[in-house]
Each structure stands twice: as C-alpha cells, then as structure tokens.
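Throughout, residue positions are numbered sequentially from 1 according to the sequence presented. All values below come from the heavy atoms of this structure, side chains included, with hydrogens, waters and symmetry mates left out.
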Amino acid sequence: MSLVGKKFPNVTIDAMSEMGDDLKINIFEEATANQQKVLLFWYPKDFTFVCPTELHAFQDALGEFEKRNTKVIGASCDTNEVHFAWLNTAKENGGIEGVTYPLLADTHRQLANILGIVDQDFEYNEEGEETFTGSNVTYRATYLVDETGKIFHESVNDMPLGRNVKEYLRLIDAYTHVQKHGEVCPANWEEGKEAMKADRNSTAEYLAKN
C-alpha cells in the first residue's frame with residue numbers, strides 16, 4: 001500500500017552518528033521541527049555488496065542535498081554497534097568510512113514493518129504451526145518527506161538493484177518548483193526547464209513545443 005500523500009509515521013528509532021554517538025531520530029520531527037525535507041533510504045544489511053556503493057554515492061552527493069535543505073538519513077535493521085564497526089571500515093575493504101550522515105538502527109523492525117518493506121512472509125504448515133520465510137531484512141526503499149512531514153515520493157527496489165542518486169535530486173527540485181510556483185512538472189523535467197500550469201491549454205501548448 002502506497003504511503004505517498006500521507007504523513008510519515010511519527011516513530012522514534014535508535015540511530016548511530018559517524019562519531020559513534022547513540023542517537024534517537026524521528027523522521028517526522030526531523031522534517032517538521034527543522035522545516036526541511038528528509039531523504040530516508042533503507043538498505044538490506046551492513047557489510048554486504050551493493051549497499052556500500054549506495055552509501056558512498058549518497059555521501060558524494062551530500063552537498064547537493066544540503067543545498068536543497070534536505071537531510072539524508074540511511075537505515076537498516078542492523079544494530080548501532082554493527083553500524084559503527086562498518087563506519088570504521090575503510091572503503092577499500094568494503095566499508096563506509098567517510099560517511100557522515102546518521103544511520104537508523106531499526107533492530108526490532110518497528111518502523112520497517114509499519115512501512116511494509118521487510119522481506120518476510122508467514123505461512124502455516126499442516127499442523128497449523130506458523131513458519132517464517134524471507135530474509136527478514138528490508139528492500140531498498142526510499143522516502144522523500146516534505147517540511148510538513150508528508151511523503152511526496154516513495155520507491156522500493158529489489159535487493160540486487162542499486163539506486164540512482166541523481167534521480168532523487170531531480171525529484172526534490174521538481175517538488176520544490178511545485179511548492180514555489182504552483183506549476184506541475186512534465187516527464188523528464190529538470191531544473192531550468194519549462195513547467196506547466198495544471199490546465200488543458202497549458203498542456204496543449206507544452207506538447208506543441210515538445
């Protein structure tokens with residue numbers, strides 16, 4: 001079930017800073033109290049394969065997100081201790097040393113289950129006993145939350161599929177344009193390109209030129 005257009009769950013979760021500080025982070029409050037957008041991205045597991053490439057990619061683009069008044073937060077179901085160990089593992093050894101944004105440690109899967117992004121299923125055998133299937137870690141889910149705490153974008157990738165960080169910058173630019181100008185953004189819109197009014201004539205004019 002999609003959560004786009006709804007308020008992000010008002011839940012506080014343990015987190016780890018790059019300095020080893022134990023934190024408590026509430027995504028809804030991060031957005032509303034600080035009047036900023038939040039990009040929350042979930043990855044399956046620390047010390048894995050595609051995951052460090054994504055964490056470094058978001059770190060490389062961190063300045064661009066900051067220019068857009070957007071806080072980046074990573075998340076998985078690992079513990080704070082495992083996060084800190086990974087943060088202290090060199091990049092050339094598969095680690096994420098150099099990552100400076102916080103990482104949620106949703107070890108009880110409280111928030112991940114609310115969002116419905118955990119790879120798990122429960123079945124019953126012939127004796128009526130519940131059996132568990134799945135990896136019990138999260139898919140590569142991404143949420144963009146605005147200054148009111150509303151989710152304006154969500155996406156979920158299967159575990160082998162890494163994300164395109166530039167696309168989230170484009171989505172933030174587009175949403176900010178809508179907020180500022182009240183226009184709508186057509187397919188493949190990028191900052192500086194023409195947008196449209198939400199009416200038939202404006203659409204016809206745009207299509208005639210493009």
Side-chain angles (χ1 to χ4, degrees), residues 1-48 50-52 54-55 57-59 62 65 69-87 96 99-122 130 132-159 161-163 165 167-168 171-172 175:
M1 181 180 67
S2 175
L3 297 176
V4 170
K6 299 180 174 64
K7 298 294 186 181
F8 195 89
N10 191 349
V11 177
T12 300
I13 301 294
D14 289 337
M16 171 59 59
S17 78
E18 82 279 9
M19 300 301 293
D21 298 318
D22 292 324
L23 308 174
K24 299 282 188 181
I25 292 180
N26 182 311
I27 300 298
F28 179 82
E29 291 179 356
E30 285 287 332
T32 56
N34 298 316
Q35 282 299 287
Q36 62 183 353
K37 295 180 176 67
V38 176
L39 183 149
L40 173 66
F41 74 98
W42 292 81
Y43 60 92
K45 201 172 183 181
D46 292 355
F47 290 99
T48 51
V50 176
C51 297
E54 292 194 310
L55 271 78
F58 278 108
Q59 179 66 36
L62 197 59
F65 287 106
N69 192 33
T70 301
K71 186 177 182 68
V72 173
I73 299 174
S76 76
C77 297
D78 297 279
T79 65
N80 270 355
E81 292 77 14
V82 176
H83 280 338
F84 191 53
W86 204 25
L87 284 162
I96 57 167
V99 166
T100 60
Y101 49 81
L103 301 176
L104 296 188
D106 189 18
T107 54
H108 297 294
R109 291 152 178 79
Q110 179 185 7
L111 180 55
N113 277 320
I114 292 172
L115 297 171
I117 57 173
V118 182
D119 174 29
Q120 60 180 226
D121 198 10
F122 297 93
E130 189 178 64
F132 171 81
T133 60
S135 65
N136 205 31
V137 298
T138 66
Y139 294 105
R140 299 187 191 282
T142 313
Y143 297 88
L144 292 176
V145 182
D146 73 11
E147 298 86 350
T148 71
K150 186 182 80 173
I151 298 169
F152 65 93
H153 169 84
E154 66 177 339
S155 59
V156 183
N157 290 5
D158 200 356
M159 295 175 194
L161 306 177
R163 281 162 278 217
V165 173
E167 172 61 6
Y168 300 108
L171 287 167
I172 292 167
Y175 190 75

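- Side-chain contact between Val50 and Thr48 is absent, with no heavy-atom pair separated by less than 4.5 Å.
- A salt bridge does not link Asp158 to Arg140: none of the charged nitrogens lies less than 4.0 Å from a carboxylate oxygen.
- Between the side chain of His83 and the backbone N or O of Leu104, at least one donor-acceptor pair lies under 3.5 Å.
- If you take CD on Glu154 and CG on Leu144, they are separated by 10.5 Å, rounding to the nearest 0.5 Å.
- Residues Ile151 and Lys6 form no side-chain contact, since every pair of their non-hydrogen atoms from C-beta on lies 4.5 Å or further apart.
- Ring planes of Phe8 and Tyr143: perpendicular class, angle over 60° (limits at 30 and 60°).
- A distance-only check finds no donor-acceptor pair linking the side chain of Asp14 to the backbone of Ala105 [under 3.5 Å].
- With contacts defined as side-chain heavy-atom distances shorter than 4.5 Å, the pair Asn69/Lys37 does not qualify.
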Point to revise | Derivation and outcome, side-chain contact (heavy atoms from CB on, under 4.5 Å), residues Phe41 and Leu55 | key: CA-CA 9 Å; Phe41 74 98; Leu55 271 78; 3.8 Å; yes
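- Rounding to the nearest 0.5 Å places CG of Asn113 at 8.0 Å from SG of Cys77.
- Inter-residue side-chain proximity for Phe47 and Asp78 is flagged as unmet; no heavy-atom pair is nearer than 4.5 Å.
- Within the 4.5 Å cutoff, the side chain of Met159 has heavy atoms near those of the Ser135 side chain.
- The CD1 atom of Ile73 sits 10.5 Å away from atom CH2 of Trp42, with the distance rounded to the nearest 0.5 Å.
- Interatomic distance, Thr142 OG1 to Leu39 CG, rounded to the nearest 0.5 Å: 6.5 Å.
- Remark: Asp22 engages Asn80 in a side-chain hydrogen bond (donor to acceptor under 3.5 Å, both in side chains) (not counting sequence neighbours).
- Just one residue in the list Leu115, Leu161, Val118, Val156 forms a side-chain contact (heavy atoms from CB on, under 4.5 Å) with Tyr139, and that residue is Val156.
- Among residues two or more places apart in sequence or in another chain, the side chain to side chain contact (heavy atoms under 4.5 Å, CB included) test is passed with Gln59 by Leu62, Val99, Thr100, Tyr101.
- Atom CD1 in Ile114 sits 10.0 Å away from atom CG in Leu3 (nearest 0.5 Å).
- The OG1 atom of Thr107 sits 8.5 Å away from atom CD1 of Ile13, with the distance rounded to the nearest 0.5 Å.
- One N or O on the side chain of Arg109 and one on the backbone of Asn136 form a donor-acceptor pair closer than 3.5 Å.
- When atom types are taken as modelled, the side chain of Asp106 and the backbone of Leu111 share a donor-acceptor pair closer than 3.5 angstrom.
- Side-chain contact check for Cys51 versus Trp86: some heavy-atom pair is nearer than 4.5 Å.
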Review point. Is there a side-chain contact (heavy atoms from CB on, under 4.5 Å) between Thr148 and Lys7 once you walk through the steps?
Key: CA-CA 8 Å; Thr148 71; Lys7 298 294 186 181; 3.4 Å; yes
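- In this structure, Tyr43 and Leu103 have side chains that are in contact, with non-hydrogen atoms separated by less than 4.5 Å.
- Under the 4.5 Å side-chain criterion, counting only non-hydrogen atoms from C-beta, Glu30 is not in contact with Leu40.
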